[in-house]
Amino acid sequence: MPEHLRFYQLCGIIAAVISALVSVLLYLLDVEDFDSPPLLVAFIIAGPVTLLLLLGMVKFPRVCAWLLLGSFSGGILYLYSQGVLFNLVITVLFTCFYLFGAVAASGSRRLLSGKPLWLAGKRYREVLTLLLLAVLLSLCSSGYLLRWAQAKKDNPLQWVEYRRTMVERYIDNRPDAGLSSKEIELKKVRLENKTLVFVYRIAGDVMMDESHLSVLARKAFSPHCAERGVKEFNMKVMLVYHQGQAESVFVFDKGDCPVFATQMLPPTG
């Protein structure tokens with residue numbers, strides 16, 4: 001096997017080993033909440049499945065190398081479909097390494113049969129093509145290309161109509177029930193561009209520190225993850241808490257959404 005294909009093969013093995021080890025360590029150290037279905041599926045793919053395919057490369061190198069690439073890309077795409085955005089840089093890096101490993105496996109097999117694989121060449125054209133393919137596959141699997149295409153299709157009038165329903169729902173008919181309590185009273189709701197603002201007043205005899213307010217704000221924001229405004233129109237939610245002369249402001253967007261919203265708001269438009 002040529003030296004550059006040995007390097008490609010090593011890249012694929014390194015990616016698989018890192019994926020399996022990190023997944024097992026995260027599970028053993030209980031760093032992530034693997035009770036949620038998306039993260040559990042991702043752990044199974046990145047851990048046990050990757051480890052089995054890595055061992056299978058001893059006997060079936062070409063099939064297992066391509067399955068490693070497919071399982072990783074499929075796992076990232078599944079996370080995106082469940083509302084979890086994986087880091088694009090890490091996605092590109094691992095996709096590139098897995099693609100190198102798959103090309104090495106296929107290229108070495110083709111060399112034995114006397115029919116060299118063009119992508120397995122070591123000239124800059126072949127290497128550049130592999131890198132571009134890895135980036136393109138990463139953009140597709142991580143959902144960035146799908147979101148870009150969706151943004152091109154979106155009609156600006158949809159936001160105008162959705163904004164009207166938001167005004168009617170939160171401002172004209174302010175839903176005080178459920179948003180206020182004995183200690184915290186909802187004073188005002190307004191919509192500024194693409195930011196929905198809730199202003200609360202905390203009772204004078206109740207003092208809450210910043211960390212407690214942060215937990216309350218995140219809990220209040222969580223149901224909005226089910227809203228079209230947050231999911232499709234990149235709307236932000238701002239929660240302002242007044243206690244005495246002090247003011248605490250928390251701003252959230254869809255990047256702060258958990259895998260699943262803890263509550264589901266009724267659809268609006």
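For the atom pair S248 OG and H212 NE2, the distance stands at 12.0 Å (nearest 0.5 Å). Taken to the nearest 0.5 Å, the OG atom of S142 stands 9.0 Å off from the OH atom of Y80. Atom CD1 of I18 and atom CG of L25 lie 12.0 Å apart (nearest 0.5 Å). Summarising the geometry, atom CG belonging to L130 is positioned 14.5 Å from atom CZ belonging to R125; distances are rounded to the nearest 0.5 Å.
The shortest heavy-atom contact between E247 and H242 is OE2-CE1, 2.7 Å. Residues L239 and A217 share a closest heavy-atom pair of CD1-O, 3.8 Å. Contact record, F221 with D253: CZ-O, 3.2 Å, taken as the closest heavy-atom pair. When every heavy atom of K231 is checked against every heavy atom of A226, the shortest pair comes out as CE-O, 3.7 Å. Residues M235 and L191 approach most closely at SD-CD1, 4.5 Å, considering heavy atoms. Taking all atoms of both residues into account, the shortest heavy-atom contact from A220 to H224 is O-CD2, 3.4 Å.
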- Going through the distances and angles, do K194 and K236 end up as a side chain to side chain contact (heavy atoms under 4.5 Å, CB included)? CA-CA 6 Å; K194 286 192 175 183; K236 298 180 180 180; over 6 Å; no

- Walk me through it: do S214 and F250 pass the test side chain to side chain contact (heavy atoms under 4.5 Å, CB included)? CA-CA 7 Å; S214 176; F250 303 92; 3.7 Å; yes

- What's the verdict on side chain to side chain contact (heavy atoms under 4.5 Å, CB included) for R190 and T195, showing C-alpha distance, side-chain angles and the deciding distance? CA-CA 8 Å; R190 62 179 184 269; T195 302; over 6 Å; no

Which donor-acceptor pairs under 3.5 Å do side chains of residues 4-14 form with protein atoms, sequence neighbours excluded?
residue, atom, partner, partner atom, Å
H4, NE2, A120, O, 2.5
R6, NE, M1, O, 3.2

Name each donor-acceptor pair under 3.5 Å that joins a side chain in residues 50-74 to protein atoms two or more places apart or in another chain, with its distance.
residue, atom, partner, partner atom, Å
T50, OG1, I45, O, 2.7
T50, OG1, A46, O, 3.3
W66, NE1, S106, OG, 2.7
S71, OG, L67, O, 3.0
S71, OG, L68, O, 3.0
S73, OG, L69, O, 3.2

If you look only at distance, which donor and acceptor atoms sit under 3.5 Å apart when one is on a side chain in residues 90-103 and the other is two or more places apart or in another chain?
residue, atom, partner, partner atom, Å
T91, OG1, N87, O, 2.8
T95, OG1, T91, O, 2.7
T95, OG1, S138, OG, 3.2
Y98, OH, A15, O, 3.4

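Placement of Y144 and L136 within a single hydrophobic cluster is found when ILVMFWY residues are connected by side-chain heavy-atom separations under 4.5 Å, directly or transitively. Linking Ile, Leu, Val, Met, Phe, Trp and Tyr whenever their side-chain heavy atoms come within less than 4.5 Å leaves L186 and V197 in two separate clusters. Residues V135 and L88 fall within the same hydrophobic cluster, defined by Ile, Leu, Val, Met, Phe, Trp and Tyr side chains chained together at heavy-atom separations under 4.5 Å. Placement of M238 and L196 in two distinct hydrophobic clusters is found when ILVMFWY residues are connected by side-chain heavy-atom separations under 4.5 Å, directly or transitively. Both L26 and I44 sit in one connected hydrophobic cluster of ILVMFWY residues. Membership requires side-chain heavy atoms under 4.5 Å apart, directly or through other members.
Counting only heavy atoms from C-beta outward, the side chains of L216 and M208 approach each other to under 4.5 Å. At least one side-chain heavy atom of V41 sits less than 4.5 Å from a side-chain heavy atom of Y78.
Y241 pairs by the ring pair (Phe, Tyr, Trp, His ring centres under 6.0 Å) definition with Y200, not counting sequence neighbours. For the ring pair (Phe, Tyr, Trp, His ring centres under 6.0 Å) test, no residue two or more places apart in sequence or in another chain qualifies with F86. Scored by the side chain to side chain contact (heavy atoms under 4.5 Å, CB included) test, V215 finds no partners at all (sequence neighbours excluded).
In summary, the side chains of N234 and K254 do present a donor paired with an acceptor at a separation below 3.5 Å, with no hydrogens or angles considered. For D209 and S211, the side-chain atoms include at least one donor-acceptor pair closer than 3.5 Å.
No donor-acceptor pair closer than 3.5 Å links the side chain of S222 to the backbone N or O of R218.
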